Peer 1: 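My questions all concern the structure below.
Proteins get letters first, then strands, A, B, ... in listed order; numbering begins at 1 in each. This is a predicted model, so every value here is computed, not measured.
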Amino acid sequence: MGASATEPVTAESLRERVDGFLAGHDTAQDRLEFLRARFDAGLAWVHYPAGLGGLGAPRVLQPVVDQRFAAAGAPDNSPRRIGIGLGMAAPTILRHGTAEQRARFLRPLWTAEEVWCQLFSEPGAGSDLAGVATRAVRDGDGWLVDGQKVWTSMAHQARWGILLARTDPAAPKHAGLTYFLCDMHAPGVEVRPLRQATGEAEFNEVFLSGVRLDDGLRLGAVGEGWAVARTTLMNERVAIGGAALPREGGMIGVLARTWRTRPELRTPALHDEVLRLWVRAEALRLTGIRLRQQLAAGEPGPEGSAMKLAFAALTQQISGTEVELLGAEGLRHDHWRADRPEELDLTGRGPTYRWLRAKGNSIEGGTSEVLRNIVAERVLGLPAEPRTDTGVAWKDLPR
Amino acid sequence: MGASATEPVTAESLRERVDGFLAGHDTAQDRLEFLRARFDAGLAWVHYPAGLGGLGAPRVLQPVVDQRFAAAGAPDNSPRRIGIGLGMAAPTILRHGTAEQRARFLRPLWTAEEVWCQLFSEPGAGSDLAGVATRAVRDGDGWLVDGQKVWTSMAHQARWGILLARTDPAAPKHAGLTYFLCDMHAPGVEVRPLRQATGEAEFNEVFLSGVRLDDGLRLGAVGEGWAVARTTLMNERVAIGGAALPREGGMIGVLARTWRTRPELRTPALHDEVLRLWVRAEALRLTGIRLRQQLAAGEPGPEGSAMKLAFAALTQQISGTEVELLGAEGLRHDHWRADRPEELDLTGRGPTYRWLRAKGNSIEGGTSEVLRNIVAERVLGLPAEPRTDTGVAWKDLPR
Amino acid sequence: MTLDLRYTEEQEALRDSVRAMLTDHAGWARVLQVAASPEPDDADLWRLLSVDTGLAALAVPEHLGGAGASLAETAVVLEELGRAVAPVPYLGTTVAAQLLLHLGEDELLRDLAGGAIIAPAMPCDVGPAGPGARLPDVEVSTAADGSPLLNGTVCGVADASRARVLVMPAGGALFAVDADAAGLRRTPVVSLDETRPLCDLAMWNAPARLLAAGERAASALDAALVAGAALLASEQLGLAQWCLDTTVAHLRTRYQFGRPVGSFQALKHRLADLWVELVQARAVARHAVAAVAAGDPDARLAAALAQAHCGPLAVRAAEECVQMHGGIGFTWEHPAHLYLKRAKSAAIAYGTAAHHRTALATLADLAPA
Amino acid sequence: MTLDLRYTEEQEALRDSVRAMLTDHAGWARVLQVAASPEPDDADLWRLLSVDTGLAALAVPEHLGGAGASLAETAVVLEELGRAVAPVPYLGTTVAAQLLLHLGEDELLRDLAGGAIIAPAMPCDVGPAGPGARLPDVEVSTAADGSPLLNGTVCGVADASRARVLVMPAGGALFAVDADAAGLRRTPVVSLDETRPLCDLAMWNAPARLLAAGERAASALDAALVAGAALLASEQLGLAQWCLDTTVAHLRTRYQFGRPVGSFQALKHRLADLWVELVQARAVARHAVAAVAAGDPDARLAAALAQAHCGPLAVRAAEECVQMHGGIGFTWEHPAHLYLKRAKSAAIAYGTAAHHRTALATLADLAPA
């Protein structure tokens with residue numbers, strides 16, 4: 001470890017660094033050049049190591065930098081568009097990657113030159129991710145990959161994918177996996193849009209047929225894929241988006257406004273339901289504020305899981321109540337076009353869209369059922385269920 | 001089997017038999033003599049065999065007989081007081097007992113000369129009844145029993161108990177059990193009242209210390225106790241009490257009357273809750289009517305389990321809402337005396353008593369959790385959970 | 001009055017034959033195809049249900065070309081149609097038939113029994129829990145020959161897109177309007193539930209025929225709306241039963257963690273609870289149609305109760321179906337979303353559960369605070 | 001205003017010391033013993049909390065003998081008292097202190113800081129959601145010497161059984177009444193929650209001292225009731241946390257079917273859901289006391305929100321605790337029933353969740369239909 005020769009980074013010193021950077025770089029210059037320069041100055045993600053876009057600073061200081069750049073009107077790296085890269089691929093590469101891999105991938109990832117996608121879920125392996133069947137077989141100095149992935153957002157735009165594949169079917173399920181960085185431009189990668197109940201195709205199916213990957217694209221050791229994937233998943237769950245909303249800032253605001261402005265729609269028996277939802281929404285909002293205060297004070301807790309669970313249930317119920325409040329009007333849909341939205345707007349489009357889309361909130365990013373298991377075992381310390389699938393060769397498991 | 005020489009029993013012929021019996025027996029005579037005579041005439045439980053209080057008639061015809069006797073003002077056998085004997089001990093003895101056991105026990109059971117209790121549950125074996133630890137050890141031509149039972153209603157008045165005990169701890173849990181008829185007057189049987197959250201002691205703990213039981217009190221073969229106990233449990237769940245209630249006949253009626261007659265207590269936000277409970281209560285009442293119509297038509301179904309589950313949840317919520325509706329007044333209790341009630345009156349005493357007592361509805365007679373398992377597996381056909389406790393010697397199980 | 005809440009043997013036989021027919025002719029791939037097409041419903045299936053089998057006029061008397069059965073049989077057909085989310089205007093036609101029976105409109109009933117679609121021309125959320133308040137303003141004027149003309153807009157009408165005749169409440173009276181009449185325009189609505197899509201009606205001096213006015217019109221409309229709410233409960237029951245059955249079947253064969261997913265206790269308990277609600281829904285739905293069929297004074301309360309219970313149940317069943325199928329249940333290629341959308345549209349049709357609870361406050365004498 | 005919803009290090013230290021004290025002096029066997037005795041509360045424990053440690057006057061300024069801390073600290077003590085279902089009149093005394101602070105009654109505050117119990121003399125369900133409507137009629141007359149006399153009955157008062165002084169709303173004003181005064185009788189009530197039992201007050205010409213009248217009395221009373229509702233949420237939070245912790249501990253060690261019962265998924269999911277509610281309750285309860293302590297204009301809304309959420313949560317937590325303990329949780333010999341009864345009595349104190357939701361309809365501008 002050794003004591004660093006440099007001063008410890010503080011909010012004040014960061015502000016100075018940003019101001020210095022801005023003095024030397026015109027925010028109106030070429031977007032990509034600006035972002036590359038910001039990365040090279042260690043002002044991309046300040047908690048990353050020097051040389052990889054950061055300064056080894058505390059993570060909680062990142063907002064200081066982001067706010068300073070935003071206030072100066074600097075171009076950003078479309079953080080929502082590259083969310084998978086930022087939130088999942090990057091921390092995994094940082095932790096498990098070789099020096100070459102870090103140097104090759106992190107910069108274009110952060111500057112949004114290269115979009116990433118996640119090739120984990122399969123038709124037969126959803127909640128049970130460690131059951132993936134996509135095979136990767138040694139082929140000289142590389143690997144041949146065959147299989148099918150699903151629920152892959154951004155696959156149609158992605159340059160790279162983080163890929164979990166089975167390299168040893170005779171090993172127990174968790175032991176036979178290896179983690180790869182998949183070249184989405186490689187021959188044999190086919191991306192097909194996957195349409196949802198909303199009519200949209202936010203996600204894709206990805207078919208991998210004899211896809212050849214160089215061994216340099218393996219992340220972590222052969223057979224260590226599960227441990228690497230856990231880094232990815234842990235980071236998926238940590239992410240808490242954006243700033244705290246004001247009161248009625250989310251979906252509840254839409255319902256409350258409809259209730260207020262359309263008295264002719266009100267039904268007496270629905271009044272208490274609206275009040276109950278308002279209470280729950282405000283309780284959840286305050287929970288988010290408290291969680292952010294804890295994170296800012298360097299006291300991370302497991303409350304993010306509570307927020308995801310509560311958020312999924314609440315958005316489903318608020319939007320469902322809104323549709324019923326609207327009556328016949330609530331049964332009108334805007335369109336069933338198979339759009340390919342890149343950003344999810346939970347209060348966008350109409351009530352029926354919101355209601356349908358919210359159904360996905362308890363499935364994507366870990367189902368609410370899996371999340372409840374995790375809360376019960378890791379937060380509350382309740383015992384695991386007896387497992388029948390962990391000591392057996394993967395190929396011999398019933399499926 | 002062979003064809004019976006007698007006429008098939010019909011509702012009409014039953015009515016005639018009852019009328020004939022009543023012509024020869026004064027309803028004002030000695031109660032016990034009357035009941036014994038009714039038993040001997042085969043008019044006790046008409047679906048039991050001739051000679052054991054019945055006529056081998058269809059079970060659905062029993063109400064014909066009961067109503068006729070009731071209309072004539074005949075004494076009854078206090079069916080609620082001897083519910084365990086009638087509902088559980090009797091069908092088990094009928095099915096698994098020897099001729100001697102049937103002849104010895106069924107008549108005084110039905111006439112209420114001998115009250116029965118059930119010695120199944122133990123502090124360590126509640127939901128998992130097959131895990132009972134009470135030991136029965138061979139002792140010459142009999143058995144010595146040691147252990148502790150709990151939740152034994154009527155034990156303090158009972159002459160006999162149906163007892164599940166472990167005779168082979170080295171066998172797997174279900175295989176090492178034997179079923180006995182326990183003499184509650186035998187030395188070593190100690191009954192202690194068990195007080196509940198209501199303050200009452202409806203139930204007992206029963207301590208068995210070197211209780212000697214003759215081998216003639218064994219019901220079924222050694223090691224076959226679980227199969228015999230299943231007969232008992234199946235009959236426990238079949239029972240559906242009494243006649244259909246009129247609308248608002250149950251606990252909902254109390255709440256509705258309070259709402260109607262005490263307008264000063266009403267809170268706007270509580271109105272919809274009262275309406276929702278009213279809907280659920282009426283739905284459950286109609287479900288009971290439909291189930292009785294099906295039973296009367298000889299089409300028994302699994303809906304009784306639905307009724308027990310819904311009833312438990314509903315009574316808990318109705319009584320809870322009633323207490324809140326009453327506000328400070330709802331926090332007044334009548335008394336905390338350790339009474340020993342023999343009959344349960346769910347709409348009796350005050351609101352706080354009702355609310356507390358209703359909490360027991362989802363625990364007694366099989367918890368709601370166990371009942372949901374049964375519904376999921378036996379009604380819906382969902383697969384059982386992997387079992388870790390069935391192939392192992394009972395004594396080696398973790399507990 | 002004690003109403004029989006069981007199914008008769010004949011009704012069970014009817015169910016079997018309808019289910020067999022729908023299995024052959026309304027598999028979900030076909031339903032999805034029709035829903036995604038510009039067609040508002042499945043004309044072939046409707047021909048089968050009306051012209052070929054007479055199921056669409058089960059409760060129309062035989063002398064008018066119907067089957068002379070009761071609403072209790074109609075409800076069994078609706079259970080199966082709900083189970084199949086069949087895209088046919090069966091419910092609207094049945095409600096129209098009830099209206100016409102009340103009014104003694106034999107000729108229209110004969111048309112209906114012959115396969116013509118006749119639909120009540122009201123927003124789909126109008127129910128017996130207070131329809132007047134939600135009926136749109138349609139003005140009645142008089143043509144030179146003294147016959148009535150209608151002017152106005154009615155939005156969100158179900159089952160009317162291919163109707164031949166519309167039964168329209170206007171100015172406190174009821175009118176029959178030829179759907180092809182000059183002066184009437186139907187505009188399809190992009191609907192949440194494309195298996196029972198809505199359309200908007202616009203009228204400029206549309207020629208109409210007076211069916212009834214005043215108290216007679218009001219009581220016929222009210223009775224038909226009570227019947228509609230009662231019958232819809234059976235559709236919801238059938239839909240919920242499909243969702244439960246399909247979810248159970250999926251969970252028995254889907255393996256995760258080396259076990260059938262259906263062996264996980266949390267899911268088992270939720271499905272057991274759903275079954276508990278479904279058992280009650282069956283009693284409540286049968287009670288509602290029995291009460292309506294018998295002209296029981298309790299029919300209005302029974303219908304409100306049925307919607308208060310069965311509407312939310314069907315939505316919950318469909319939601320659990322989607323959730324327990326995981327990702328696959330959220331795709332366009334799996335039928336679950338069709339059931340989800342139908343359940344929600346049915347929860348609004350003939351009044352929401354909240355409307356019906358509000359009505360029950362009066363019917364059950366539970367006044368507000 | 002951004003309020004800090006976290007606990008400070010000092011508050012965590014305070015929690016540790018209070019918990020240690022209650023573990024030693026208010027174990028549940030002791031609580032059950034006091035509850036079952038004729039004594040309304042635990043006089044020894046009260047002495048410990050008031051005279052010995054000064055915890056009962058945390059939020060009273062130092063120059064009046066208190067600790068000069070804020071309601072945020074008081075709330076931490078209440079969490080621990082809720083966790084222990086401690087039978088002491090802490091909440092009522094705290095609310096009385098708030099009243100007296102608003103009125104500048106320094107002498108009474110000094111008494112209170114010295115260990116005297118001072119209680120608001122109102123039915124326990126009176127809350128800020130509309131207290132006036134529920135306040136009983138107490139008549140004020142005048143003695144020969146011009147001092148006020150009170151006449152009337154107040155039923156269901158909490159924390160007053162051993163109070164030395166009662167603060168009584170009457171005729172739109174506030175009075176101090178010596179609890180031992182001739183003309184005042186206290187009758188104990190057999191209470192659902194014997195850890196916070198009620199009593200009835202009857203007055204015949206009870207001599208009183210006027211504290212405030214008119215707007216000044218009304219606003220002091222209102223502020224104290226808002227504080228009471230906000231503070232109670234912390235007691236409910238602590239109670240719910242005990243129920244969750246105790247249930248988890250039981251399920252980890254209780255074996256059935258050869259497995260710890262806590263490994264059964266249906267129970268795990270229910271407890272996970274309960275934890276999700278509890279996490280939110282913490283934010284909501286901290287927000288309420290922070291808003292009250294800061295004099296935030298949002299305090300009234302924050303208190304209503306806290307009661308709307310935390311009241312039902314505590315009841316649910318206690319109910320799950322009983323249910324998941326199975327038979328043993330339903331016995332007199334297990335502490336679960338004490339928590340169940342306290343949770344229900346707390347759900348009514350200072351107004352039910354339904355009262356608070358009704359208040360929120362106004363506070364959040366969500367008018368009824």
Side-chain angles (χ1 to χ4, degrees), chain A residues 244 247-248 252 255-256 259-260 263-272 274-280 282-294 296-297 299 301-311 313 368-369 371-377 379-386, chain D residues 2-7 244-245 247-249 251-253 258-265 267-288 298 301-302 304-310 312-313 353-354 356-361 364-369:
Chain A
R247 184 173 292 161
E248 292 195 9
I252 190 68
L255 175 64
W259 182 269
R260 281 181 201 121
E264 79 282 6
L265 295 175
R266 296 179 199 158
T267 315
L270 214 57
H271 188 221
D272 193 44
V274 172
L275 292 171
R276 284 174 191 263
L277 291 171
W278 196 93
V279 166
R280 287 172 56 192
E282 181 64 3
L284 185 57
R285 189 181 76 89
L286 292 172
T287 307
I289 290 175
R290 183 165 192 272
L291 177 56
R292 283 189 186 82
Q293 290 177 348
Q294 287 182 296
E299 306 160 0
E303 289 87 350
S305 300
M307 293 206 59
K308 181 175 187 307
L309 279 167
F311 178 80
S368 289
E369 287 75 19
L371 204 50
R372 285 190 197 100
N373 284 346
I374 291 173
V375 165
E377 292 173 19
V379 180
L380 300 179
L382 287 164
E385 290 191 85
Chain D
T2 300
L3 302 163
D4 193 347
L5 309 184
R6 295 172 307 139
Y7 299 105
L244 178 61
D245 294 348
T247 305
V248 166
L251 295 184
R252 287 172 64 154
T253 52
R259 292 164 53 177
V261 176
S263 71
F264 283 97
Q265 197 192 36
L267 302 186
K268 289 163 80 167
H269 280 204
R270 274 158 58 184
L271 289 175
D273 284 338
L274 184 62
W275 175 79
V276 168
E277 295 296 308
L278 195 65
V279 165
Q280 297 177 81
R282 195 171 304 281
V284 160
R286 292 309 290 170
H287 179 249
D298 232 17
L301 187 148
L305 184 80
Q307 277 310 304
H309 182 88
C310 299
L313 165 72
H356 288 283
R357 286 199 306 276
T358 301
L360 283 169
D365 185 25
L366 293 164

Peer 1: With a 4.5 angstrom heavy-atom cut-off, which part of D/Arg259 approaches chain A: side chain, backbone, both or neither?
Peer 2: side chain

Peer 1: Using atom types as modelled and distance alone, determine if a side-chain donor or acceptor of D/His309 lies under 3.5 Å from a backbone N or O of D/Glu277.
Peer 2: yes

Peer 1: D/Leu271 and side chain to side chain contact (heavy atoms under 4.5 Å, CB included): which single residue from A/Val375, A/Val379, A/Leu380 fits?
Peer 2: A/Leu380

Peer 1: Using non-hydrogen atoms and a 4.5 Å limit, figure out which bit of A/Pro268 sits close to chain D: side chain, backbone, both or neither.
Peer 2: both

Peer 1: Where on A/Arg280 is there a heavy atom nearer than 4.5 Å to chain D: the side chain, the backbone, both, or neither?
Peer 2: backbone

Peer 1: Would you check if the side chain of D/Arg282 reaches a backbone N or O of D/Arg6 as a donor-acceptor pair within less than 3.5 Å?
Peer 2: no

Peer 1: Strictly distance-based, threshold 3.5 Å: is any side-chain N or O of A/Arg266 a donor or acceptor partner for the main-chain N or O of D/Pro368?
Peer 2: yes

Peer 1: Which atoms of D/His287 come close to chain A, meaning under 4.5 Å heavy atom to heavy atom: side chain ones, backbone ones, both, or neither?
Peer 2: side chain

Peer 1: Please classify the contact between D/Asp4 and chain A as side chain, backbone, both or neither, with a heavy-atom cut-off of under 4.5 Å.
Peer 2: both

Peer 1: Would you compute the distance between atom CZ of A/Arg372 and atom CG of A/Leu309 and round it to the nearest 0.5 angstrom?
Peer 2: 5.5 Å

Peer 1: If I measure from the heavy atoms of chain A, does D/Arg286 come under 4.5 Å with its side chain, its backbone, both, or neither?
Peer 2: side chain

Peer 1: Quick check on D/Leu267 against chain A: is it the side chain, the backbone, both or neither that has a heavy atom closer than 4.5 Å?
Peer 2: neither

Peer 1: Tell me, for D/Leu274 versus chain A, whether the close heavy atoms (under 4.5 Å) come from the side chain, the backbone, both or neither.
Peer 2: neither

Peer 1: Which of the residues D/Leu301, D/Thr358, D/Leu244 is involved in the greatest number of heavy-atom pairs with chain A at under 4.5 angstrom?
Peer 2: D/Leu301

Peer 1: If you take all heavy atoms of D/Ala288 and D/Ala306, which pair is closest and at what distance?
Peer 2: CB-CB, 3.7 Å

Peer 1: Sort A/Glu369 into side chain, backbone, both or neither according to what part of it lies under 4.5 angstrom from a heavy atom of chain D.
Peer 2: both

Peer 1: Give the member of A/Gln294, A/Glu282, A/Arg290 that has the highest number of heavy-atom pairs under 4.5 Å with chain D.
Peer 2: A/Arg290

Peer 1: Donor-acceptor pair, A/Trp259 side chain versus D/Ala369 backbone, under 3.5 Å?
Peer 2: no

Peer 1: Test D/Val284 against every option in D/Leu5, D/Leu305, D/Leu313 by the side chain to side chain contact (heavy atoms under 4.5 Å, CB included) rule and name the one that passes.
Peer 2: D/Leu305

Peer 1: If you count heavy-atom pairs within less than 4.5 Å of chain A, which of D/Ala353, D/Ala304, D/Ala249, D/Ala361 leads?
Peer 2: D/Ala361

Peer 1: Tell me which of these, A/Ala306, A/Ala297, A/Pro302, has more heavy-atom pairs under 4.5 Å with chain D than the rest.
Peer 2: A/Ala306

Peer 1: Stepwise, does the side chain to side chain contact (heavy atoms under 4.5 Å, CB included) test hold for A/Trp278 with A/Arg247?
Peer 2: CA-CA 10 Å; A/Trp278 196 93; A/Arg247 184 173 292 161; 3.7 Å; yes

Peer 1: Which one wins on heavy-atom pair count under 4.5 Å against chain D: A/Ile289, A/Leu265, A/Val274, A/Leu284?
Peer 2: A/Leu284

